[in-house]
Amino acid sequence: MEIVNEKRRARRWSIFFRLAFLGLVLAIFVGGYMAEHAGDQIAGPHTALVELNGEISASSMASADNINASLQDAFEDRGTKAVILRINSPGGSPVQASQINAEIWRLRAKHKNIPIYAVCDEVCASAAYYIAVAADKIYVNPASLVGSIGVLMDGFGFSGLMDKLGVTRRLLTAGANKGFMDPFSPMPEDQKAYAQTMLKQIHQQFIAAVEKGRGSRLKINDQTFSGLVWTGQSAVQQGLADGYGDTDTVARDVVHEKNLVDYTRHENVVDRLAKRFGASLGMGAVHEMLRGSVWSLR
């Protein structure tokens, strides 16, 4: 009977811990959901704020999925008088930037009575500027870094070092260009020319987005689309930006609604726990492997 009682106690404790763990998981999910949707229904008139910070990529918080969802929430609230997209980013993926740019245009067409203003903080360059040009107006600080309308593909070449060390690269491919941009092999001239053609195509897409967004305000010269970055002061002089301002001054003096409500999607508790326990390790490894061989606007 003592053995039977011991097993019963063990079984009860096992059930208790399982229920406690299940309750913890449910609490985390409910808490994360409530935190993410806490600002879905905002009473009263206000200026909506969406923040875009850091590198623009599919795996960062500055992804098209996160930013577009935040913008949709901001535009769809009945109390929103205007939307401010506050940007502090050196750039990143042209694909993500293009998707956000297109979504801003769609939302502007759907909500014609709600203007959107881009406010550039420290840096609004390359892919970040690609996004900013879709706004009705762009405001900067005189010392902000703005522009950098260009595309780059970066990486390293180790073939010369391998020759000095006596290391031979054994790369087998099915397809003449399957080893394209392999850092351990010399780059043939035809592959280099092909890569340059791709960069030029993406550059032209970037230029078209800038010209569409800025229109007659843009004062084009030989350096406008060269990839140079300018101070906010120069950006205003060249028509790359419309004036000086920060989030508070634009809300107060342009929108005339100083009540700010943040719609930015933030990483919730579930996401942080998933990353801590390694759920995103696979995608992180793939991202690191690809970083040296993809093009970016930065």
Review point. Does the side chain of V146 reach to within under 4.5 Å of the side chain of V229, using non-hydrogen atoms?
Key: no

**Study point:** Donor-acceptor side-chain pairing of Q223 and Q238 below 3.5 angstrom
**Key:** no

Review point. Got a second to check how far D65's CG is from S59's OG, nearest 0.5 Å?
Key: 11.5 Å

**Study point:** L22 atom CG: more than 12 heavy-atom contacts under 6.0 Å
**Key:** yes

Exercise for review: Please confirm whether the backbone N or O of A82 pairs with a side-chain atom of T80, one donor and one acceptor, at under 3.5 Å?
Suggested key: no

Point to revise | Distance, nearest 0.5 Å, that separates CG of N68 from CG of D73 | key: 11.0 Å

Check your understanding: Tell me, do C120 and I138 make a side-chain contact under 4.5 Å, heavy atoms counted?
Key -> yes

Point to revise | K137 side, atom NZ; I84 side, atom CD1 - distance, nearest 0.5 Å | key: 13.0 Å

Study note, to complete from the structure: Of all heavy-atom pairs linking A251 and V255, the shortest is O-CB, 3.5 Å

Revision key, fill the gap. NZ (K212) and CD1 (I207) are apart, to the nearest 0.5 Å, by 16.0 Å

Exercise for review: Report the C-alpha separation of I15 and R18 in whole Å, then their side-chain angles, then the decisive distance to 0.1 Å, and conclude whether the side chain to side chain contact (heavy atoms under 4.5 Å, CB included) test is met.
Suggested key: CA-CA 5 Å; I15 294 172; R18 289 178 183 178; 5.8 Å; no

Check your understanding: Any cation-pi pair here, K110 with W105, using under 6.0 Å and within 45°?
Key -> no

Check your understanding: Which atom pair, heavy atoms only, marks the closest approach of Y139 to Y244?
Key -> CD2-O, 3.9 Å

Exercise for review: May I ask you to say whether D248 pairs ionically with K258, meaning some side-chain N is under 4.0 Å from a carboxylate O?
Suggested key: no

Exercise for review: Would you check if the side chain of S89 reaches a backbone N or O of C124 as a donor-acceptor pair within less than 3.5 Å?
Suggested key: no

Practice item. Without swapping roles, check the side chain of H111 against the backbone of A109 for a donor-acceptor pair under 3.5 Å. Key: no

Practice item. Could you tell me which residues satisfy side-chain hydrogen bond (donor to acceptor under 3.5 Å, both in side chains) with N66, sequence neighbours excluded, listed by chain and number? Key: S63

Review point. If you group Ile, Leu, Val, Met, Phe, Trp and Tyr by side-chain heavy-atom gaps below 4.5 Å, do L107 and I116 land in one group?
Key: yes

Review point. Sub-3.5 Å donor-acceptor pair from the side chain of H203 to the main-chain atoms of F225, do we have one?
Key: yes

**Study point:** Within-4.5 Å side-chain heavy-atom neighbours: I131 and L52
**Key:** yes

Point to revise | Single-linkage hydrophobic cluster, 4.5 Å side-chain cutoff, L240 and F206 together | key: yes

Check your understanding: Got D77 and Y263 here, is their nearest side-chain heavy-atom distance under 4.5 Å?
Key -> yes

Practice item. Test side chain to side chain contact (heavy atoms under 4.5 Å, CB included) on N259 and T47 and set out the steps. Key: CA-CA 6 Å; N259 181 27; T47 299; over 6 Å; no

Practice item. Ignoring hydrogens and angles, state whether a donor on the side chain of N221 or T224 is under 3.5 Å from an acceptor on the partner side chain. Key: yes

Check your understanding: Less than 4.5 Å apart, any side-chain heavy atom of R108 and any of D136?
Key -> yes

Check your understanding: Between V261 and L49, is there a shared hydrophobic cluster once you connect ILVMFWY residues whose side-chain heavy atoms come closer than 4.5 Å?
Key -> no

Practice item. Indicate yes or no: at least one non-hydrogen side-chain atom of D121 is less than 4.5 angstrom from one of I87. Key: no

Check your understanding: Do L260 and L85 share a hydrophobic cluster, counting only Ile, Leu, Val, Met, Phe, Trp and Tyr and linking them when any side-chain heavy atoms are less than 4.5 Å apart?
Key -> no

Review point. Would you say V50 and F75 are hydrophobically clustered, going by side-chain heavy atoms of ILVMFWY under 4.5 Å?
Key: yes

Review point. Taking atom types as modelled and ignoring hydrogens, do the side chains of T249 and D246 form a donor-acceptor contact shorter than 3.5 angstrom?
Key: yes

Point to revise | Min side-chain heavy-atom separation W230-L145 under 4.5 Å | key: no

Exercise for review: Specify the closest pair of heavy atoms between S57 and S93, including all atoms of both residues, with the distance to one decimal.
Suggested key: CA-CB, 4.3 Å

Review point. Are the side chain of T197 and the backbone of A193 linked by a donor-acceptor contact shorter than 3.5 Å?
Key: yes

Point to revise | Closest non-hydrogen atom pair, I100 against A64 | key: CG1-CA, 3.7 Å

Review point. If we ignore angles and hydrogens, is there a donor and acceptor under 3.5 Å between the side chains of S148 and S126?
Key: yes

**Study point:** Over all atoms of both residues, closest heavy-atom pair of A74 and V83
**Key:** CB-CG2, 4.1 Å

Review point. With sequence neighbours left out, what residues match R86 under side-chain hydrogen bond (donor to acceptor under 3.5 Å, both in side chains)?
Key: E51, T247

Review point. Is there a side chain to side chain contact (heavy atoms under 4.5 Å, CB included) between K219 and Q237 once you walk through the steps?
Key: CA-CA 8 Å; K219 300 173 184 178; Q237 293 171 353; 6.0 Å; no

Exercise for review: Evaluate the side-chain proximity of M61 to E55: yes if any heavy-atom separation is below 4.5 Å, no if none is.
Suggested key: no

**Study point:** Which atom of P90 lies closest to which atom of V123, heavy atoms considered
**Key:** CA-CG1, 3.8 Å

